[in-house]
Amino acid sequence: MITINDLNKDGKFFLMAGPCVIEGEEMALRIAEKITEITEKLGIPYIFKGSYRKANRSRLDSFTGIGDEKALRILRKVGETFQIPTVTDIHESHEAAMAAEYVDVLQIPAFLCRQTDLLVAAARTGKIVNIKKGQFLSPDAMRFAVQKVVDAGNPQVMITERGTTFGYTDLVVDFRGIPQMQAFGFPVIMDATHSLQQPNQASGVTGGLPALIETIAKAAIAIGADGLFIETHPEPSQAKSDGANMLRLDLLEGLLTRLVRLRQAIL
């Protein structure tokens, strides 16, 4: 079983990356193969990310998934095929044990980061629990979410910064939050794609600013973030969820190459 000690080595950052949602087996394997090739070349520890279901879409007619069990089986196949850990979101406490049968890391969505039953259920699986910081919380307030997991008997916790609500339709990243949350004693990840969302649009479709992904990622690596979270897709405009803030897959290698150089420069 993967532990957080496997991810932070020699000052390197690790990567959680993949599509927003599992759209199908061929697509998931294609993305995982490409990112595995890149991260192995650059020496970056890698966790494949894919939501088996999206439970917080803006509109009822938005795509939510291909079926829970089908998507979870694909996540397991990705892990077994490329010998890499995988991560997926869970939304209700009863999903924790189910998802834990297929993936290595359970992710708590930002909107749900204070849900005690969900955090405890995730903790009790023994898997790493990645808690995304609520857009409505200060960095310091995240210590209580982390403590719920630890008090439930699981010290394998990570925290992901993903921006803070700024007005009704925008987010802003306060980079002071990364060292503030690292002071809790757990790895802190920068979500370089969701932090550029423009939520609550009148159309009911979330917007984004993908041209600034590199800016957010560089700033995070420069101040010592332990990991990066990047949603990526071969054709973001055709992605079934969150395409407006995704990184195009063919841009990932160049970005990661520059980020590795940046991290090496500050060590």
Side-chain angles (χ1 to χ4, degrees), residues 2-19 31-50 78-79 82-87 104-105 107 128 130-133 139 142 156-163 171-196 209-234 236 245-267:
I2 185 175
T3 70
I4 56 176
N5 291 330
D6 298 320
L7 298 172
N8 270 133
K9 294 180 178 179
D10 303 321
K12 296 179 179 179
F13 64 90
F14 60 90
L15 177 69
M16 302 174 73
I31 293 172
E33 181 177 27
K34 181 61 176 177
I35 302 177
T36 299
E37 174 189 312
I38 295 168
T39 52
E40 286 182 348
K41 180 163 59 175
L42 295 175
I44 300 171
Y46 172 48
I47 302 172
F48 176 84
K49 184 270 168 184
V78 166
F82 300 105
Q83 293 298 294
I84 54 174
T86 57
V87 57
D104 304 280
V105 181
Q107 181 166 282
I128 295 175
N130 179 37
I131 313 172
K132 302 196 84 172
K133 184 181 79 65
M142 279 299 290
Q156 299 291 313
V157 187
M158 304 189 296
I159 309 166
T160 295
E161 168 63 57
R162 51 96 72 235
L171 298 168
V172 65
V173 177
D174 180 356
F175 284 97
R176 296 174 300 177
I178 292 177
Q180 286 174 334
M181 292 188 291
Q182 284 175 323
F184 305 160
F186 302 94
V188 175
I189 302 158
M190 181 72 236
D191 184 339
T193 46
H194 285 99
S195 60
L196 292 167
L209 298 167
L212 293 175
I213 291 171
E214 182 158 346
T215 300
I216 295 292
K218 281 181 174 177
I221 292 303
I223 63 172
D226 299 288
L228 285 178
F229 180 108
I230 297 175
E231 287 191 342
T232 183
H233 193 282
N245 52 264
M246 279 188 180
L247 181 71
R248 207 173 70 227
L249 184 59
D250 64 356
L251 299 177
L252 183 63
E253 182 170 3
L255 172 60
L256 291 176
T257 299
R258 292 187 289 277
L259 294 175
V260 167
R261 291 176 185 153
L262 179 59
R263 176 52 62 89
Q264 290 171 343
I266 66 171
L267 287 178

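We're numbering straight along the sequence, starting at 1. Quantities reported herein were computed from a predicted structural model and do not represent experimental measurements.
- Not one N or O on the side chain of E33 forms a donor-acceptor pair closer than 3.5 Å with the backbone of I35.
- Atom OG1 in T39 sits 7.5 Å away from atom CD1 in I84 (nearest 0.5 Å).
- At least one side-chain heavy atom of V173 sits under 4.5 Å from a side-chain heavy atom of M190.
- Annotation: the span from I44 atom CD1 to L256 atom CG amounts to 4.5 Å, rounded to 0.5 Å.
- The shortest distance between side-chain heavy atoms of L196 and P210 does not fall below 4.5 Å.
- Residues G163 and L171 share a closest heavy-atom pair of C-CD2, 4.4 Å.
- Considering only heavy atoms from C-beta on, V105 stays 4.5 Å or farther from F48 through its side chain.
- Taking both residues in full, the closest heavy atoms of F175 and I223 are given as O-CD1, 3.4 Å, listed atom of the first, atom of the second, then distance.
- Listed by chain and number, the residues in a side chain to side chain contact (heavy atoms under 4.5 Å, CB included) with T193 are D191, I213, F229, I230, E231, N245 (sequence neighbours excluded).
- Between the side chain of R248 and the main chain of P236, no donor-acceptor pair closer than 3.5 Å is present.
- Between L252 and K34 the shortest side-chain heavy-atom distance does not fall below 4.5 Å.
- Taking OG1 of T160 as the start and NE2 of H194 as the end, the distance is 10.5 Å to the nearest 0.5 Å.
- Counting heavy atoms from C-beta on, the side chains of T3 and Q156 come closer than 4.5 Å.
- Remark: side-chain polar atoms of Y46 are not paired, donor with acceptor, to backbone N or O of E37 under 3.5 angstrom.
- The two residues I31 and G18 have their closest heavy-atom pair at CG2-CA, 4.2 Å.
- Each of M16, R162, K132 was evaluated against I189; a single residue qualifies, M16, per the side chain to side chain contact (heavy atoms under 4.5 Å, CB included) test.
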Test log, rule side chain to side chain contact (heavy atoms under 4.5 Å, CB included), inputs L259 and K218 = CA-CA 6 Å; L259 294 175; K218 281 181 174 177; 3.7 Å; yes
task = For E161 and S195, run side chain to side chain contact (heavy atoms under 4.5 Å, CB included): C-alpha distance rounded to whole Å, both residues' side-chain angles, the deciding distance at 0.1 Å, then the answer.
result = CA-CA 8 Å; E161 168 63 57; S195 60; over 6 Å; no
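- Distance CG/L42 to CD/E253: 6.5 Å, rounded to 0.5 Å.
- Contact check for D104 versus I128: no side-chain heavy atoms found under the 4.5 Å cut-off.
- Minimum heavy-atom separation, E214 to L255: CG-CD1, 3.5 Å.
- For residues 171-190, the pairs satisfying salt bridge (Lys or Arg N to Asp or Glu O under 4.0 Å) are D174-R176, with sequence neighbours left out.
- Residues G11 and L267 share a closest heavy-atom pair of O-CD2, 4.0 Å.
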Show me the donor-acceptor pairs within less than 3.5 Å that the side chains of residues 177-188 make with the rest of the protein, sequence neighbours left out.
unit_1 : atom_1 : unit_2 : atom_2 : d
Q182   : NE2    : G224   : O      : 2.9
Q182   : NE2    : D226   : OD2    : 3.0

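- Within 6.0 Å of atom CZ in R261, 12 or fewer heavy atoms from other residues, nucleotides or ligands are found, so the atom counts as exposed in its surroundings.
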